[in-house]
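Before any comments, here is the structure.
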Amino acid sequence: MKRPEEVTAFFNSLENIKSLNVWNITKELSDCDKIKTTAWRKKIIIERKVLFHNLNDGQLCSNAQSTNNRGRSDKTLLFSKTDISYIITRLNETSNVWLKSRYSHILWQETKNNNYAEIAIQNYMESINLIKAKESRELDIILEAIFFISKSTKRKQEEAKKITLDLIEGVPNYFKTVILNSILKHNFLKHIELNSIADKILDWVDEKSPVAYFNNKKTLEVALILFDKVKRPNERIYELLAENEDEIIAQHDDESFVKSTALAEKAKYLKRAKKEEEYNVVQLEYTRLKQKIKLNKISVPLDDDLNEIFNIYLRAKSDSILEHPTEEILAFLSINEEILVDPKNISEQANQKINNSLYGLCSTSIFDINGNTKKLNDKEKFDFEKLNLYVVAHNIQVSVLFLRVFIDGVIYGKLNYYKTFEFLEKHSWYGMKFRKSLKNDEEEANSSWLSLLAPGIHNFLSQFELSILMNTNKISNFILCIDSMTIKFEGALRDFIRLSGGSTTGERKGETQEHLLEELLENPITKEYFSEKDIELFKFTFTKKGKNIRNNVAHSFMEYSDYSLQTASLVFFCILRLGKYTFEKQI
């Protein structure tokens with residue numbers, strides 16, 4: 001079929017793709033004029049669906065994911081049999097290696113035909129030669145695709161190993177580490193091949209360049225993983241890590257927080273390098289500097305001994321929790337009162353700090369989330385001090401334990417979205433179906449609060465799991481889940497009160513109106529069912545007495561950096577605590 005003029009530019013731009021960066025490819029593609037022919041319109045749609053994928057950990061993943069009205073995660077079926085036939089035709093037509101790798105990778109995933117896997121590997125290997133310097137980030141992404149497909153199908157393994165080892169020899173030292181990190185993540189090379197790299201890896205460290213600090217640190221950290229795999233002693237690596245900190249120490253003044261941190265790192269490395277004499281010298285200098293630096297300029301972490309004691313406790317606590325089945329782990333986090341902060345103790349501590357010190361005589365001004373300042377009166381100062389103490393106690397007592405349990409739970413395979421959903425569906429009131437409004441259609445009859453919470457929970461746990469498995473904080477984006485779960489918390493609490501026989505309305509300015517969140521948390525039903533610790537947790541999370549997340553989300557006061565893993569975990573933790581009851585009778 002002759003190609004119409006209105007789509008020629010688009011297909012020509014496809015064939016002329018030279019970049020391997022998805023963003024650049026999108027920019028380089030030509031627009032189409034209004035397509036008159038239905039058949040060509042369908043072909044354009046298929047090409048767009050092919051482009052609607054990204055390489056992630058070696059797999060070609062669709063950008064389309066959603067949850068249905070029952071909270072189940074649906075795999076969006078993008079390609080029909082007709083689509084697959086068209087892609088096969090395109091694979092045979094095109095000479096562009098990037099398109100060939102993309103088409104064949106999709107065909108392998110859709111048809112499970114390993115012949116397409118072999119074509120994908122071959123074209124990914126050829127694509128490596130096209131990578132531009134400014135697109136070097138694409139190199140390890142493509143290598144991971146080669147590793148994943150080759151290991152999964154046992155096709156072209158020797159060729160893949162050869163091109164990988166050749167690359168390590170040919171690229172600059174700083175990029176060798178990137179490649180090695182991908183190799184180790186996919187366990188792609190044999191022990192003898194890893195030993196060969198281990199013989200050379202310490203030569204990748206640039207001890208002469210004053211700007212090589214971060215590259216050297218990354219190289220040495222990967223070297224630790226490599227040496228652990230090949231069972232080699234690692235004292236020399238820790239010694240080099242300690243020497244690397246000298247670059248930072250030399251560049252900063254005596255009262256610098258950065259210098260203090262670098263000294264602490266150096267002491268830690270020397271201890272692990274078994275350089276006891278040097279360790280003692282650096283530890284003394286670190287102690288001297290801590291005493292010299294003003295406390296209002298620096299927050300010094302726990303020393304090594306206290307930090308180790310805390311970590312031993314944390315490991316023991318989380319390990320004991322993770323010994324149980326998934327349902328019991330989530331039940332523990334939902335129900336257990338011991339892990340929550342006691343607001344009575346916080347109030348007593350705040351009283352002592354304000355009334356028994358000069359602090360109570362000083363004026364206090366604060367900045368809100370928008371940078372506005374406010375001078376606090378005595379009650380506000382007391383509330384502010386309670387909040388500060390609560391933040392510290394929550395981080396030590398609750399947050400680190402929650403994160404530790406979920407991080408190890410993801411790694412052990414005990415915690416993910418599907419298991420969490422099943423727990424909430426079976427053991428919480430969120431899975432209960434009841435009429436919320438006058439509507440009486442089938443869609444509403446099949447939905448529950450879990451239907452509304454599921455997209456936010458799915459996004460949070462998917463992003464959380466991805467960040468753990470990718471071992472990076474540059475992957476996850478918690479905006480969607482925080483916004484969704486925060487707003488839904490208020491609605492869920494409102495319905496919980498109604499289902500429990502309470503009222504959520506009151507008179508305001510002569511009109512009957514729904515209670516605000518602060519009023520819902522003071523509702524008699526809320527106080528009857530939830531402990532003082534639970535209610536304080538909810539207030540700390542969502543109201544002006546704490547982080548005020550509900551207000552900040554609703555009015556878009558939060559900036560990008562405010563959407564953190566810690567905030568997302570806190571909101572999800574509140575969702576768990578709110579859902580810990582069930583009702584015998586469904587309404």
Side-chain angles (χ1 to χ4, degrees), residues 10-29 43-44 46-63 78-79 83-171 175 178-179 182-183 185-186 188-189:
F10 173 79
F11 278 95
N12 287 343
S13 65
L14 263 181
E15 293 300 325
N16 291 324
I17 287 174
K18 294 183 175 63
S19 172
L20 297 180
N21 180 277
V22 173
W23 290 101
N24 292 338
I25 290 169
T26 304
K27 287 189 294 183
E28 290 172 5
L29 288 177
K43 292 177 181 180
I44 292 289
I46 297 170
E47 296 288 356
R48 291 291 184 188
K49 288 193 286 189
V50 169
L51 294 171
F52 196 61
H53 287 73
N54 289 313
L55 282 171
N56 192 338
D57 206 20
Q59 301 181 64
L60 201 52
C61 302
S62 165
N63 294 333
L78 292 180
F79 300 107
D83 294 344
I84 295 299
S85 297
Y86 170 79
I87 295 172
I88 292 172
T89 301
R90 287 286 292 139
L91 175 62
N92 295 324
E93 287 178 350
T94 185
S95 58
N96 185 294
V97 294
W98 186 88
L99 286 177
K100 279 182 173 290
S101 62
R102 176 60 60 104
Y103 292 144
S104 53
H105 197 154
I106 285 175
L107 289 171
W108 171 60
Q109 290 184 167
E110 294 291 323
T111 67
K112 310 305 179 188
N113 186 330
N114 286 345
N115 290 329
Y116 292 122
E118 194 164 331
I119 296 171
I121 295 169
Q122 181 61 43
N123 283 279
Y124 276 130
M125 289 192 294
E126 292 181 26
S127 295
I128 289 173
N129 298 323
L130 303 177
I131 291 176
K132 304 171 185 177
K134 64 181 179 181
E135 294 182 348
S136 56
R137 175 69 184 91
E138 306 300 316
L139 179 57
D140 61 308
I141 294 175
I142 291 174
L143 279 174
E144 290 195 17
I146 294 172
F147 298 159
F148 177 79
I149 301 172
S150 183
K151 280 200 69 176
S152 300
T153 62
K154 295 182 172 54
R155 298 287 183 99
K156 287 188 170 291
Q157 286 184 305
E158 293 308 313
E159 295 97 318
K161 286 181 180 180
K162 183 178 185 308
I163 195 172
T164 303
L165 294 172
D166 288 345
L167 271 174
I168 287 184
E169 291 296 325
V171 298
F175 211 80
V178 175
I179 297 173
S182 296
I183 292 170
K185 183 164 64 174
H186 288 270
F188 192 65
L189 296 181

Problem set entry | Ring geometry between Phe79 and His53 (parallel below 30°, tilted from 30 to 60°, perpendicular above 60°) | parallel
Exercise. Which is it for Gln109 and Tyr116 under the side chain to side chain donor-acceptor pair (under 3.5 Å) test, yes or no, and what are the steps along the way?
Worked result: CA-CA 9 Å; Gln109 290 184 167; Tyr116 292 122; over 6 Å; no
Exercise. What are the two closest non-hydrogen atoms of Met125 and Ile146, and how far apart are they?
Worked result: CG-CD1, 3.7 Å
Seminar exercise, completed: Residues at least two apart in sequence or cross-chain that pass side chain to side chain donor-acceptor pair (under 3.5 Å) with Asn123, listed by chain then number, are none
Exercise. Among all residues two or more places apart in sequence or in another chain, which pass the side-chain contact (heavy atoms from CB on, under 4.5 Å) test with Ser85?
Worked result: none
Exercise. Hey, is the main chain of Ala120 close enough, under 3.5 Å, to the side chain of Ser104 for a donor-acceptor pair?
Worked result: yes
Exercise. Is the shortest heavy-atom distance from the side chain of Leu107 to the side chain of Ile84 under 4.5 Å?
Worked result: yes
Problem set entry | Side chains of Phe10 and Arg48 in contact at under 4.5 Å (non-hydrogen atoms) | yes
Problem set entry | Shortest non-hydrogen contact between Asn96 and Ile17, atoms and distance | ND2-O, 3.0 Å
For this session: Quick one: closest heavy-atom pair of Leu91 and Lys100, and the distance?
Result: O-NZ, 3.1 Å
For this session: With rounding to the nearest 0.5 Å, note down the distance linking CG in Asp83 to NZ in Lys43.
Result: 12.0 Å
Problem set entry | side chain to side chain donor-acceptor pair (under 3.5 Å) partners of Gln122, counting only residues at least two apart | Glu126, Lys156
Seminar exercise, completed: For Phe188, the ring pair (Phe, Tyr, Trp, His ring centres under 6.0 Å) test, sequence neighbours excluded, returns Phe147
Problem set entry | Separation of Tyr124 OH from Glu144 CD (nearest 0.5 Å) | 12.0 Å
For this session: Could you grab the distance from atom CG of Leu99 to atom CD of Glu93, nearest 0.5 Å is fine?
Result: 11.0 Å
Exercise. For the residue pair His105 and Gly58, what are the closest heavy atoms and their distance?
Worked result: CE1-O, 3.5 Å
Exercise. Considering only heavy atoms from C-beta outward, does the side chain of Lys185 approach that of Asp57 to under 4.5 Å?
Worked result: yes
Seminar exercise, completed: Distance col, row Leu143:CG vs Ser182:OG, nearest 0.5 angstrom, shows 6.5 Å
Problem set entry | Partner set under salt bridge (Lys or Arg N to Asp or Glu O under 4.0 Å) for Glu158, not counting sequence neighbours | none
Exercise. Which residues pass the ring pair (Phe, Tyr, Trp, His ring centres under 6.0 Å) test with Phe148, sequence neighbours left out?
Worked result: none
For this session: Look up atom CZ in Arg90 and atom CZ in Phe11, then write down how far apart they are to the nearest 0.5 Å.
Result: 5.5 Å
Problem set entry | Residues which pass side chain to side chain donor-acceptor pair (under 3.5 Å) with Thr94, listed by chain and number, not counting sequence neighbours | Glu15
For this session: Starting at CD of Glu110, measure out to CG of Leu60 and round the result to the nearest 0.5 Å.
Result: 9.5 Å
For this session: For Leu189, enumerate each residue passing the side-chain contact (heavy atoms from CB on, under 4.5 Å) test, keeping only those at least two apart in sequence or located in another chain.
Result: Lys161, Leu165, Ile183, Glu193, Leu194, Ile197
For this session: Name all residues meeting the side chain to side chain donor-acceptor pair (under 3.5 Å) criterion together with Asp166; count only those two or more places apart in sequence or in a different chain, and write none if there are none.
Result: Lys162
For this session: State, with a plain yes or no, whether a side-chain heavy atom of Leu139 is found less than 4.5 Å away from one of Leu167.
Result: yes
Problem set entry | Any Ile87 side-chain heavy atom under 4.5 Å of Ile106 side chain | yes
Problem set entry | Residue among Ile121, Ile168, Ile128 satisfying side chain to side chain contact (heavy atoms under 4.5 Å, CB included) with Ile163 | Ile128
Exercise. If you take all heavy atoms of Asn113 and Trp108, which pair is closest and at what distance?
Worked result: O-CD1, 3.4 Å
